[in-house]
S.K.: 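I'd like to ask some things about the structure below.
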Amino acid sequence: VNLIEHLESGSFIGLTNLERISLAGNFLRDTQIRADRWEDLGNLTQLDLGWNELKILRANSFGPNIGNIRVLSLRSNEKLTEVCNNTKYS
């Protein structure tokens with residue numbers, strides 16, 4: 001838990017070897033889950049976005065830069081009502 005409310009564009013540039021990221025227990029909203037936030041994460045296999053303030057995941061939420069996600073955790077996003085059908089990692 002870091003109480004993060006905002007992710008900057010390119011927050012992960014240069015961290016190409018990351019395989020797991022946990023952003024669980026923060027205050028991230030769906031406006032922060034956009035493709036330009038995930039650049040350079042071609043080796044990422046696990047992303048934990050549990051316990052945030054997500055409402056909707058859109059088709060462009062992750063984009064092609066996020067790698068090969070095998071585990072995407074969205075648990076306890078109590079306001080989450082929609083994951084778009086064509087979201088790559090729904």
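On a predicted model such as this, the values are computed, not experimentally measured, just so you know. These numbers come from the heavy atoms of this one structure, side chains and all, not from hydrogens, waters or symmetry mates.
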S.K.: Under the 3.5 angstrom rule, does the side chain of Asp40 hit a backbone N or O of Thr16 as a donor-acceptor pair?
M.R.: no

S.K.: Determine yes or no for a side-chain-to-main-chain donor-acceptor pair under 3.5 angstrom, with Asn77 supplying the side chain and Leu49 the backbone.
M.R.: yes

S.K.: Check whether any side-chain heavy atom of Leu44 lies under 4.5 Å from a side-chain heavy atom of Ile21, and answer yes or no.
M.R.: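 Yes - at least one pair of side-chain heavy atoms lies under 4.5 Å apart.
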
S.K.: At what distance, to the nearest 0.5 angstrom, does OG of Ser73 lie from CG of Leu47?
M.R.: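 It is 8.5 Å, given to the nearest 0.5 Å.
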
S.K.: Do His6 and Arg37 have side chains that get closer than 4.5 Å, going by heavy atoms?
M.R.: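 Yes, their side chains come closer than 4.5 Å.
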
S.K.: Under 4.5 Å between any side-chain heavy atoms of Asp48 and Val71, yes or no?
M.R.: no

S.K.: Just verifying a value: how many Å separate Ser9 OG and Arg34 CZ, rounded to the nearest 0.5 Å?
M.R.: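 Reported to 0.5 Å precision, the distance equals 7.0 Å.
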
S.K.: Is the closest side-chain heavy-atom distance between Leu80 and Ile56 below 4.5 Å?
M.R.: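 No, their side chains stay 4.5 Å or more apart.
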
S.K.: State, with a plain yes or no, whether a side-chain heavy atom of Asn68 is found less than 4.5 Å away from one of Asn43.
M.R.: no

S.K.: Could you check if a side-chain atom of Leu28 sits within less than 4.5 angstrom of a side-chain atom of Leu7, using non-hydrogen atoms only?
M.R.: yes

S.K.: Nearest heavy-atom pair of Asn26 and Leu3: which atoms, and what distance?
M.R.: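 Shortest heavy-atom separation between Asn26 and Leu3 comes out as OD1-N, 2.7 Å.
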
S.K.: Quick one: list whatever passes side-chain hydrogen bond (donor to acceptor under 3.5 Å, both in side chains) with Arg20, sequence neighbours left out.
M.R.: none

S.K.: Can you tell me how far apart CG (Leu23) and CG (Asn2) are? Round to the nearest 0.5 Å.
M.R.: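 Spacing of CG (Leu23) from CG (Asn2) equals 8.0 Å.
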
S.K.: Answer yes or no: is there a side-chain heavy-atom contact under 4.5 Å between Gln46 and Glu19?
M.R.: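 In short, these two side chains do not touch, never coming nearer than 4.5 Å.
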
S.K.: So, taking the atom named CD in Glu8 and the one named CD in Gln32, what distance separates them when rounded to the nearest 0.5 Å?
M.R.: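 Reported to 0.5 Å precision, the distance equals 8.0 Å.
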
S.K.: Atom OG in Ser61, atom CG in Leu54: separation rounded to 0.5 Å?
M.R.: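 Atom-to-atom, Ser61:OG and Leu54:CG are 8.5 Å apart.
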
S.K.: Honestly curious: do Phe62 and Leu15 fall in one hydrophobic cluster under the side-chain, below-4.5 Å linking rule?
M.R.: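 Cluster IDs for Phe62 and Leu15 match.
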
S.K.: Determine whether Ile69 and Thr45 satisfy the following criterion, side chain to side chain contact (heavy atoms under 4.5 Å, CB included), listing intermediate values before the conclusion.
M.R.: CA-CA 4 Å; Ile69 294 292; Thr45 60; 6.0 Å; no

S.K.: Residues two or more places apart in sequence or in another chain: which of them pass salt bridge (charged side-chain N to carboxylate O under 4.0 Å, His left out) with Arg29?
M.R.: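 Salt bridge (charged side-chain N to carboxylate O under 4.0 Å, His left out) list for Arg29, sorted by chain: empty.
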
S.K.: Tell me, with the steps shown, if Asp30 and Lys79 meet salt bridge (charged side-chain N to carboxylate O under 4.0 Å, His left out).
M.R.: CA-CA 10 Å; Asp30 42 289; Lys79 298 177 183 177; over 6 Å; no

S.K.: For Phe27 and Asn52, work out which heavy atoms get closest and say how close.
M.R.: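 Scanning both residues, the minimum pair turns out to be N-OD1, 3.4 Å.
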
S.K.: Could you see if Ile4 belongs to whatever hydrophobic cluster contains Leu41? Use Ile, Leu, Val, Met, Phe, Trp, Tyr and a side-chain cutoff under 4.5 Å.
M.R.: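 Looking at the clustering, Leu41 is in the same group as Ile4.
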
S.K.: Mind checking salt bridge (charged side-chain N to carboxylate O under 4.0 Å, His left out) for Glu78 and listing every partner two or more places apart, or none if nothing turns up?
M.R.: none

S.K.: Specify whether Trp38 and Phe12 have parallel, tilted or perpendicular ring planes, treating 30° as the upper limit for parallel and 60° as the lower limit for perpendicular.
M.R.: parallel

